[in-house]
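Given the structure is predicted, the values throughout are model-derived calculations rather than measurements.
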Amino acid sequence: MSMRALGAGLAGGLLAGALVGGGEAVASWWATHGAGELPPIAWAMIAYGLLGAAGGLGLGILAAILRTDGFGLALAGIGAGLGFVVGRFRVIRDVFLEQLPGGPMTLVVQLAALLATFVVGVLVWRALRGADARRGLLTRPVPAAILVAVIALGWSLATRAMPGPPQPEPAQRAAAPANAPNVILLMVDTLRADRLGSYGYAKARTPHLDSLATDGVRAARSFAQASWTRPSVATIFTGLYPSSHGAIHKADILPDRVETIAEALTKGGYWAAGFPNNINVTAAFNFQQGFDEFHYLAPDLFFWADEPAAKLTIYNGLRLVRERFFARQVIVYNYYQPAQVVVDRAIEWLGGPNAKKGPFFLYLHFMDPHDPYFVHPYDGEGYARVANPNPPADVAQKYSDLYDGEIAYLDGQVGRLIDDLKQRGLYDDTLIVLTADHGEEFHEHGGWWHGTTLYDEQTHVPLVMKPAAGGARGSVIDELATSLDIAPTMLASAGLPIPPVMQGHALPLNGAAAPARENVFSEEDLEGNSLQAIRSKTTKLITANKGNPRGLRETELYDVATDPGEQKDLAEAEPVEVEKMRAALGKAYLVASEHKGAGGQVDVDAATKERLRALGYLD
């Protein structure tokens with residue numbers, strides 16, 4: 001066996017991998033990058049280079065057996081193979097949002113792309129024939145490795161010397177209204193309303209969350225306008241339906257054209273700080289609008305990757321393999337920063353100078369109780385969607401109990417925050433709003449997680465508002481409420497005007513009667529499931545696109561007054577009611593789309609994609 005062919009194959013594979021990795025790093029960065037972010041060239045070249053070197057060694061062995069060139073075979077083979085995998089992955093993910101069109105043409109196009117890649121690889125291989133014999137410098141593994149290492153190290157050192165991301169420009173703010181309260185938004189990801197004691201859950205361990213309801217106003221019938229994070233939080237931030245604000249799909253950003261609650265409050269004299277820990281609502285998707293400070297509490301990534309590096313295809317693949325086949329422990333920090341970290345940062349901020357610059361708006365995002373469902377105290381046991389997208393039905397109770405444990409853990413951390421506010425003398429002068437972006441399914445309708453249905457377990461969310469001194473205590477709003485109402489309520493409490501474009505209304509925090517609503521509208525367009533729902537106090541209609549991946553019926557009707565679990569579909573039995581509700585749904589959709597404008601999209605990069613997978617948004 002020719003050692004020259006082995007070494008040349010190793011060198012060719014290393015260089016091919018480094019070239020593909022560096023190319024994807026630049027392409028991913030070029031398509032979308034946050035402020036101050038630079039291409040992850042060093043990590044990409046090393047990671048892809050090592051993978052390519054392993055493949056190149058195998059092709060070098062094959063070349064030795066066939067008595068042909070190892071360098072050309074490896075460079076062409078690894079380059080073409082990795083290039084096809086990366087290209088296919090990004091097209092499916094970014095162009096088709098992981099929902100390839102059906103029919104034979106999809107297969108034909110993919111086969112044509114594979115054939116074209118193969119032809120290019122053959123041409124490169126033929127062009128490099130004789131490279132082993134010429135013994136060029138880069139056909140030897142050591143010089144090739146030195147070249148890759150020097151470029152990676154040089155880039156790494158250069159990026160460290162570059163300035164960090166620019167700071168937000170000071171907001172143009174007026175003087176705050178007299179006696180304007182501080183405002184804190186506690187956003188709990190994936191929290192069902194029916195798992196809190198204040199909402200009647202007999203097994204609840206949520207004394208601190210329930211204390212906010214005791215000290216304030218609880219909306220008993222509050223519903224989200226979507227069942228996954230980005231469109232739902234965008235609705236909370238803007239007071240607009242998803243169809244109006246435009247942040248609906250995986251690649252959508254929150255457009256600059258919308259006005260967020262942070263923008264409205266800062267204009268009115270507030271200092272705004274945000275601490276999100278979900279990739280969906282970070283600056284990557286333009287959710288920083290209006291904040292003076294916006295600190296993404298990112299997870300600890302695998303394989304020594306940082307945020308830009310985790311945008312690459314190889315990170316997706318390596319992490320998926322690790323989580324599904326090799327993970328002996330499930331560590332919360334690899335998925336998100338838990339509530340303790342969020343509260344620690346909030347307490348630190350409250351003791352800092354920016355909290356004293358006037359009335360403040362503080363946004364805290366808590367990923368507990370989002371999957372993975374962890375055992376508490378943390379011991380490495382957890383159950384994640386990424387590792388098991390479709391668990392058997394018999395684990396529903398176990399997962400549900402772990403979910404309750406996550407909420408209990410969160411409750412204790414929120415209690416720390418409340419205690420700190422009281423110690424600082426801030427509690428009585430602060431409006432605290434507790435809500436969720438959506439709920440969670442535990443096989444009530446044959447599925448798991450969230451984002452692919454609009455049943456109540458995914459849209460009925462808590463909405464608790466503890467007003468500043470002088471507000472109501474222990475009051476309950478029984479009228480229908482929505483996530484649309486949160487921004488107007490905050491602005492009204494701050495004594496600031498409510499932009500007329502906002503589609504919700506301010507809820508009373510003084511015990512007065514809330515405005516009556518005939519129905520609430522929710523919508524979804526995720527992973528091929530295009531859904532709409534209209535719900536009154538007694539009846540609910542859900543529509544779904546034909547052939548949706550979730551397998552939902554195109555029309556479902558429920559009497560939610562007598563069947564709150566939505567188990568008995570009445571669509572066929574009550575066609576007149578279906579048409580009545582369908583007419584109401586059509587009117588609601590027109591209202592929801594009233595302010596529809598040009599949206600924006602980003603290349604949903606591999607890091608973001610993988611984070612979405614890790615957090616349960618992708619299979």
Before accepting this row, confirm whether a basic side-chain N of the pair [X]/[Y] lies closer than 4.0 Å to the acidic partner's carboxylate O.
{"X": "R416", "Y": "D420", "value": "no"}
{"X": "D401", "Y": "K203", "value": "yes"}
{"X": "R221", "Y": "E479", "value": "no"}
{"X": "D559", "Y": "K540", "value": "no"}
{"X": "E444", "Y": "R192", "value": "yes"}
{"X": "D437", "Y": "R230", "value": "no"}

Taking Y383 as the fixed residue, which of Y399, F374, Y373 is the one that meets the ring pair (Phe, Tyr, Trp, His ring centres under 6.0 Å) rule?
-> Y399

Looking only at heavy atoms, what is the nearest atom pair of T238 and A234, with distance?
-> OG1-O, 2.7 Å

Ring-face cation of R195 near Y201 (centre distance under 6.0 Å, axis angle within 45°) = yes

Cationic tip of R173 within the cone over Y270's six-membered ring, i.e. under 6.0 Å and within 45° of the normal?
-> no

Only one of I407, D411, V188 forms a side-chain contact (heavy atoms from CB on, under 4.5 Å) with L196, so which one is it?
-> I407

Indicate whether the side chain of T190 and that of E440 have a donor and an acceptor atom separated by less than 3.5 Å.
-> no

Donor-acceptor list for residues 511-523 side chains, cut-off 3.5 Å, not counting sequence neighbours:
| from | atom 1 | to | atom 2 | distance (Å) |
| --- | --- | --- | --- | --- |
| R517 | NH1 | L480 | O | 3.3 |
| R517 | NH1 | D485 | OD2 | 2.9 |
| R517 | NH1 | H505 | NE2 | 3.4 |
| R517 | NH2 | D485 | OD1 | 2.8 |
| S522 | OG | A224 | O | 2.7 |
| E523 | OE1 | S243 | OG | 2.4 |
| E523 | OE2 | S243 | N | 3.0 |
| E523 | OE2 | S243 | OG | 3.2 |

Side-chain touch L364/L185, heavy atoms, less than 4.5 angstrom = no

